[in-house]
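Structure first, commentary second.
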Protein chains: 2
Amino acid sequence: MAVLKTKRSSNKVPKSRKQILDAAAALFSQHGFDATSLREIASAVNMKAGSLYYHFESKEALILEVLNIGIENIHQNVQNRISSIPENSPFSLILEEAIKGHLEALLEKGDYTSTNIRNYGQIPISIQKLSLDIRNSYEDLWRELLEEGARKGEIKPGVDLKILRLSLLGMLNRTIEWYHEGGLSVDEIAIDQARFFLVGISSESS
Amino acid sequence: MAVLKTKRSSNKVPKSRKQILDAAAALFSQHGFDATSLREIASAVNMKAGSLYYHFESKEALILEVLNIGIENIHQNVQNRISSIPENSPFSLILEEAIKGHLEALLEKGDYTSTNIRNYGQIPISIQKLSLDIRNSYEDLWRELLEEGARKGEIKPGVDLKILRLSLLGMLNRTIEWYHEGGLSVDEIAIDQARFFLVGISSESS
DNA sequence: GATTAAAACTAATGATAGTTAGAATTTTGA
DNA sequence: TCAAAATTCTAACTATCATTAGTTTTAATC
C-alpha cells in the first residue's frame, strides 16, 4: 500500500487547511468516521467535496492527521500538567495531575482527541498502523509514570502495572460517553477518579 | 416514526433467524454498524441481502434486536453471578462477582454484548431510544448494588455513587479495546480491577 | 399428490459515497 | 498590470448501499 502523503508543501500552514481539520475533527468526533461524509466536512467550511482533495489525498489521510493531532494534543497537555508541579511531588499528586490533564484534553479542549478515542477502533487497520508510533509514545508516558511510582514504593508491591495502566486509561477514556457540559466539572471527576485508584472506596482498613 | 416491529410471528424461534442475529452480532461487533453491510451479514449465513427482509424490517431493526439481546445477556450473567454467592456476603465479594459477570459476558460470551458496548454510541438516536428501557434496567442493578454497599457502610461515606458507577462501568467496558484471547484471563483482570476500586493502589496508609 | 404457507432469490431502484479530471477562479509576486 | 501559482469548483464516474416488488423454491398440511 502506498504511504499516505499529506500534501503539505512547506512548513507554513495554510488557513483553510486548518479549518478543514477543525471541521473534520468536530464531525468525526460527533458522528464517527463512516457516518461523516466529505461533503458534510466540505460544507462546514463552505467548500465542495472535491476541493478537499487539494489538501488531502483521501478521506483516510484526513482522519489520520486528525488522529495524530489528537494524540499530540493530549500528550502535550498531560506533559504540561505534570511539569507544572514541583519535582519529587508524591506519586498521588502526579497521578491526579496527569488524570486532570488527560480528561481536560479529552472533554474540554478536544475534538481531535475525542475523535481519536472514539474512532480509532473503527477505522481501517492499515490506517491504525500509521498512527501507532505516536500513540505508543503517549502510552509510554503513562508506563513510565506508573513505573516510577512503583519504584519509589508509592504503589503497592504486586500491582500489575499493565492491567493498572489499561484499566486507568480505559476509565478515563470512557468518560467521553457520559460527560456532558453543565454537569459535573472535569476537575470534580478527575479528583474522584484519582481517589478511586489511589485509596479505593472500601471503608474497611485493609 | 413508526415503531420498529420485529416480524416474529409467534413464540417459536425459527432457526435461520437466530443464525442471522448471530452473524450480525459478530460482524457488528468487529466492524461497527455503518461498516457492516446487509450483504455481508447475508453472505455469512449463505443468503442474499434481500432475504433478510423476510425476518427483519430494516437494518436498524436488526441491530436493535442485537443490542437488546446483548444487554439482556450481560444483565442475566451478572445477576446469576451475584445470586450464586451467599446472601449477606460482604460488599467486596459482591462487587468482585459482579465485575466478573460483566467482564465474562463482555469478553467471552459476547458478540451481542460487545456490539452493544461498541456501537450504541454510533447508531441513530431514534434507535438508541428504543433500547433505553432495557439499558436503564441494567444500570439500575449497579445503582442498587452500590447504594446497598453505601447503606451498609462498606463504602466510604462521601463517595459520589454516580461518578463511581460511571467510572467503574467505564473501566469495565473499555477492556474490550485491549483484551485479547490468550493473554490475561478474564478472572485475573476482574480480580485486579475489583481491587483497584476497593482498596486502591497506594501503599500509604490513608 | 395438491394446496397453501414459509423462506429465499432475482433484479432493479434511488440515494449517496469517495474520488477524479479539467475548467474556472483567486491569490501571489515580479 | 500581468503571468504564474495556488486554490476552488463543476460535473461527472464508479461503487456500494439499503430497500423493494415480484418470482421461484422449499416445506408443511391436508
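In the text below, chain A, chain B and the rest are named by the order of the sequence lines, each starting its count at 1. Small disclaimer: the values here were computed from a predicted structure and weren't measured. Computed from heavy atoms alone, side chains included, the values below leave out hydrogens, waters and symmetry copies.
Between the side chain of B/Glu60 and the backbone N or O of B/Ile127, no donor-acceptor pair lies under 3.5 Å.
At whole-Å resolution of the value, CG in B/Leu38 and C1' in D/dT20 are 13 Å apart. In this structure, CE of A/Met47 is placed 14 Å from P of C/dT26, rounded to the nearest angstrom. Following rounding to the nearest Å, B/Arg39 (CZ) and D/dA15 (P) show an atom-to-atom distance of 14 Å. Between the CD atom of A/Glu60 and the C1' atom of C/dA17 there is a distance of 13 Å, rounded to whole Å. In this entry the distance linking CD of A/Glu57 with C1' of C/dT20 reads 13 Å, nearest Å. A straight line from NZ of A/Lys59 to P of C/dG18 spans 4 Å, rounded to a whole angstrom. Whole-Å rounding puts the B/Ile127 CD1 to D/dA18 C1' distance at 14 Å. Between A/Asp34 atom CG and D/dA18 atom C1' there is a gap of 15 Å when expressed in whole angstrom units.
Residue A/Met171 comes nearest to B/Ser167 through the heavy atom pair CG-O, 3.5 Å, listed as atom of the first residue, atom of the second, then distance.
At the phosphate of D/dT8, neither OP1 nor OP2 sits under 4.0 Å from any side-chain N or O atom of A/Lys48. Between A/Tyr53 and C/dT19 there is a side-chain polar atom (N or O) within less than 4.0 angstrom of OP1 or OP2. Remark: B/Ser16 is in phosphate contact with C/dA8, judged by side-chain N or O atoms under 4.0 Å from OP1 or OP2. Listed pair A/Ser51 / D/dT7 fails the phosphate criterion, with no side-chain N or O lying under 4.0 Å from OP1 or OP2. Checking the phosphate oxygens (OP1, OP2) of C/dA8, no side-chain nitrogen or oxygen of B/Tyr54 falls inside 4.0 Å. Using a 4.0 Å cut-off, some side-chain N or O of A/His55 falls inside it from OP1 or OP2 of D/dT8.
Using a 4.0 Å heavy-atom criterion, one finds that B/Asn46 contacts the sugar-phosphate atoms exclusively.
In this structure, A/Lys59 forms no cation-pi arrangement with A/Tyr53, as its terminal cationic atom is not both closer than 6.0 Å to the ring centre and no more than 45° off the ring axis.
Both A/Ser37 and B/Ala49 lie close to DNA chain C; mapped to their nearest nucleotides by heavy-atom distance, the more 5′-ward contact belongs to B/Ala49.
Under a 4.0 Å N-O distance rule, the pair B/Glu144/B/Arg151 does not qualify as a salt bridge.
Below 30°, between 30° and 60°, or above 60°: for A/Trp142 and A/His102 the angle between ring planes is above 60°, a perpendicular geometry.
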